[in-house]
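Take a look at the structure below.
Letters A, B, ... mirror the listed sequences (proteins, then strands); counts begin at 1.
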Amino acid sequence: MGSFNVVNYSLRPSKSVQRQIIFEGVRLLHDHLDLDGQVYVGFGSVWFTDFVLAHKLLGIRDMVSIEADDVGFRRAKFNAPYATVRVVHGRSTTVLPELYKDELITNRPWLIWMDFDYEFDESMKDDIRALIENATENSILIATFNGNEMKYGNAPERPERLRELFGSVVPDELSKKACKDERMQQTLADLSLDFMRSVAAEQRRPGGFVPAFRAIYKDTTPMVTVGGILPAKGAARVASDVVKRESWPCWLSKPIVAPHLTTREAAVLQAQLPRAGKLSRALVQSLGFDLEDDQIEAFEAYYKHYPAFAQVIS
Amino acid sequence: MAAIERKADANPTKAFFVRIITKDISLEDCILDLIDNSVDGAWRCEGSRPIGLQDGTDLSKYSIMIEATPDKFSIIDNCGGMSLDDAVEHAFSFGREATEDHDDYSIGVYGIGMKRAVFKLGGNIRVRSTYDDKGTRSAFAVPINVSKWLSNDKPPWDFDIEEDELLPNNGVEIVVQELTPGAAGAFESPAFLQGLRRTIARDYALHLNRGLRISLNGSEISGWKIELRQSEDFQPMRLEYKDKADNEEVSIEIIGGMAAPPPESNDPEEEADNEKQPHGWYVVCNGRIVLAGDKTAISGWGTDDWPNWHPQYAGFIGIILFTAANAAALPLTTTKRSVDITSDIYRRARPKMREVSTKWIAYTNQRKQAADEAKAKEALAVPVSIYSVAKRATVALPALVSRPAGERLANVHYSVPVSRLKKLAKELGGINMSNREVGLKSFNYTYDDLVGGE
Ligand SMILES: Nc1ncnc2c1ncn2[C@@H]1O[C@H](COP(=O)(O)OP(=O)(O)OP(=O)(O)O)[C@@H](O)[C@H]1O
Ligand SMILES: [Mg+2]
């Protein structure tokens, strides 16, 4: 919500890579779970990038975009990419309870992506809790939030702040160290997933909550994406088998930091891949330009998901 | 009157033990029951002495390891185990016989804890024990298939005992599979497991502080440090006396005083936090904390001219320890999660508890009129462990000089979105700043800006 005023997505290659990976995971789930009639619920902003992917890649028809901003709402309606996209005006906390009762989409599995750009806060927590309590079986819940440590207070204050946010799942022995630098995003990911699991267990959702998504990515600020499946009772096994596979793409131990490349650089590098050995700096130089080693390595890791210009403006 | 030939059947049914009595206890308390048994085992190995505060017994060679996952629960200890005779004669019977006497300072008393716990946990149970049988190590196992066992109510009731391999150490291992939905669901929840961890850290604080090791899913739990603040003005009370329940001697020890300065405000948000705080009364029976941070009528609040708990009173901690050779004399409930308030020894202890509580209440009232002086004095008080609090019949609290009434005050009250409050708190100096403080600071900030300094 609101990110259309901040940056154009084309400048956020890591976000884009992350989004591709998550959708690839959801597509895999489509092969194993009964996701017929899936509905997409998200914050399409004015770009609707995720909505386009949901429709093209997953074939989802009915989609709802939540938009709180007044001007943003009108722009979103203007920009909605498909006839089946409905834009609803309001904050998620007020809109979601209406959607649980919306006849068109209740009793259908949801794919809901709460793609926030600010930090995890009290209302996000309420939304997530309510979603887990209300979502139809076989729904998939994904949340993205800002993982920048400074958003959670100064270093000594952070453990207490996290305790306030995540409640009883926070270990008593959570250290200041666990809330610093890159550890902070890992801690946020773990705690938010624990929180989701606990909510599902507390209210005895028959299929529980199967953690499935855990990705940290960084363009300018580190972001955390977490989520999972709320399977039907009989589908819990299948769901957890799929996400436990070696090949499951959405449980990332390392942050995604995709290099900022020009379209031309990306195209030239991509033409070298896949290859037997690793892309070397010497090779890049021989292609007529230059990059840092870690940029080369990151491109090689994510080239399949690296945004092509055409995709961004679609 | 002539007796009729026929009798009214009063035999129990197995289902009563498996399905009914398990309803009145929480899963968490069941796990504590199993820990209690291990602790009793360790204490027996140590020669069963009274468990007072002074006693310096070192329990660091004993460990209790608990694994709780959605598929399986297990607890294994190295606390000496139960003997085959124990198993044959009483360990698996429901309730202790009236004639059994116990004078081992245990916490086990009713003869139901283990059975109730395993039935609450699941349907496939295996209890293994390895023990010292007059110098040689021996082992046995008692497997229980609950649904099979339930299928026939005819007496005699018994469980098979099998030969078994030795455990690595003398002790008991209990493994439960085919967990009940309640247990499986709870063990799935990180919040439940964190809560359990916290409860263990608190309720076995006295044992953990003596070195006992308890781990849950591979990570060790460290006991709560219970501390009271002490200075020239602040002196906790510490009183000891003896009482008798049914001719059994019970030693009682009461400690109480300031654990932390009282709160600054009575903001509802902060009140909610307050509920979770460790303040209030603690009741300890043979070393086990059975009631923690109590703020209810059980420890006297709101009874006998004693006011209801109010967040203003936060900061107070009182501990009362009952110690008896025969646990039957202790004011315990069967779930060991509360106090039997009808117990005579407990009723007789209450006035002594009230005395220190009311002194604290008076202090917090007085304090409102002389907050600055109080804060300065409180800041000087340093935490000391309850083990080293000196004997003292009553609590000492500072006498405060109340401030003369000054200018009339205005109260300001308003609501804003939490997210905005947090952002402002961060800018004003700390994300965890209380709402009240944020309000005050922003008032002063605006005041300085628009009105200017005085
Ligand atoms: N871990 C253990 N180590 C040694 N003995 C044990 C252990 N667990 C159980 N026992 C034996 O089993 C008996 C029965 O335990 P159970 O918890 O059912 O009753 P209890 O402890 O006697 O009384 P309560 O109902 O108050 O707990 C104990 O008295 C003890 O002899
Ligand atoms: Mg017991």
Side-chain angles (χ1 to χ4, degrees), chain A residues 68 91 93 116 118-126 129 132 145-146 149-174 179 190-211 233 236-237 240, chain B residues 27-28 68-71 179-202 205 208 216-225 269-270 272-273 275-278 416-435:
Chain A
R91 295 187 65 82
T93 314
F116 293 104
Y118 48 84
E119 69 274 19
F120 195 99
D121 68 5
E122 278 79 2
S123 52
M124 205 178 292
K125 173 167 95 170
D126 293 345
R129 175 185 290 283
I132 294 175
F145 52 87
N146 195 318
E149 55 180 6
M150 284 315 294
K151 298 275 181 190
Y152 301 86
N154 293 322
E157 303 165 335
R158 283 173 211 150
E160 197 186 324
R161 176 65 184 140
L162 294 188
R163 227 160 252 136
E164 190 173 41
L165 282 173
F166 296 104
S168 53
V169 301
V170 182
D172 287 357
E173 57 279 4
L174 181 74
C179 305
D190 291 341
L191 291 178
S192 50
L193 282 166
D194 278 356
F195 171 73
M196 292 174 178
R197 262 203 301 155
S198 301
V199 174
E202 272 156 39
Q203 64 130 13
R204 303 272 187 274
R205 265 197 83 100
F209 172 85
V210 177
K233 190 171 173 25
R237 221 330 81 80
S240 73
Chain B
L27 186 65
E28 184 172 89
T69 67
D71 307 314
L179 297 184
T180 57
F187 299 159
E188 173 82 40
S189 162
F192 174 86
L193 295 173
Q194 274 306 335
L196 176 61
R197 193 167 253 295
R198 214 164 279 136
T199 304
I200 294 173
R202 183 190 65 199
L208 292 164
L216 175 61
N217 290 343
S219 72
E220 273 206 24
I221 299 176
S222 45
W224 264 25
K225 302 275 171 284
E269 288 280 314
E270 279 155 53
D273 271 0
E275 284 298 303
K276 291 182 225 134
Q277 296 226 327
V416 294
V418 193
S419 56
R420 298 190 66 192
L421 182 107
K422 288 289 169 195
K423 289 204 173 87
L424 184 57
K426 231 182 99 191
E427 295 309 317
L428 289 171
I431 199 161
N432 300 315
M433 195 182 271
S434 72
N435 298 350

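Between the side chain of Lys422(B) and the backbone N or O of Gly153(A), no donor-acceptor pair lies under 3.5 Å. Side-chain atoms of Asn432(B) come within 3.5 Å of backbone atoms of Glu157(A) as a donor-acceptor pair (strictly under, hydrogens ignored).
Atom OG in Ser189(B) sits 10.5 Å away from atom CZ in Phe195(A) (nearest 0.5 Å). Separation of atoms CD1 (Ile431(B)) and NZ (Lys151(A)) is listed at 10.0 Å; rounding is to 0.5 Å. Atoms NZ and CG, from Lys423(B) and Asp121(A) in turn, are 7.0 Å apart once rounded to the nearest 0.5 Å.
With a 4.5 Å cut-off on non-hydrogen atoms, Glu160(A) touches chain B through its backbone and its side chain both. Using a 4.5 Å cut-off between heavy atoms, Asp194(A) contacts chain B through both its backbone and its side chain. In this structure, chain B has no heavy atom under 4.5 Å from any part of Phe166(A). For chain B, no part of Val199(A) is nearby; none of its heavy atoms comes within less than 4.5 Å.
A search for side chain to side chain contact (heavy atoms under 4.5 Å, CB included) contacts involving Arg198(B) returns Ser168(A), Asp172(A), Gln194(B), not counting sequence neighbours. Residues satisfying the side chain to side chain contact (heavy atoms under 4.5 Å, CB included) criterion with Ser240(A), sequence neighbours excluded, are Val210(A), Lys244(A).
Residue-environment remark: NZ (Lys225(B)) exceeds the threshold of 12 foreign heavy atoms within 6.0 Å. Annotation for Arg204(A): atom CZ counts as buried by contact number, over 12 foreign heavy atoms lying within 6.0 Å. Around atom CD of Glu28(B), more than 12 heavy atoms belonging to other residues, nucleotides or ligands sit under 6.0 Å away.
Taking each heavy atom of Glu173(A) and Arg197(B) in turn, the nearest pair found is OE2-NH1, 4.0 Å.
One finds no salt bridge joining Glu188(B) and Arg205(A) here, because no Lys/Arg side-chain nitrogen approaches an Asp/Glu carboxylate oxygen to under 4.0 Å.
Interface summary for chain A: among Gly182(B), Pro417(B), Ala184(B), the most heavy-atom pairs under 4.5 angstrom belong to Gly182(B). For the set Ala201(A), Ser198(A), Ser123(A), the entry with the most heavy-atom pairs within less than 4.5 Å of chain B is Ser198(A).
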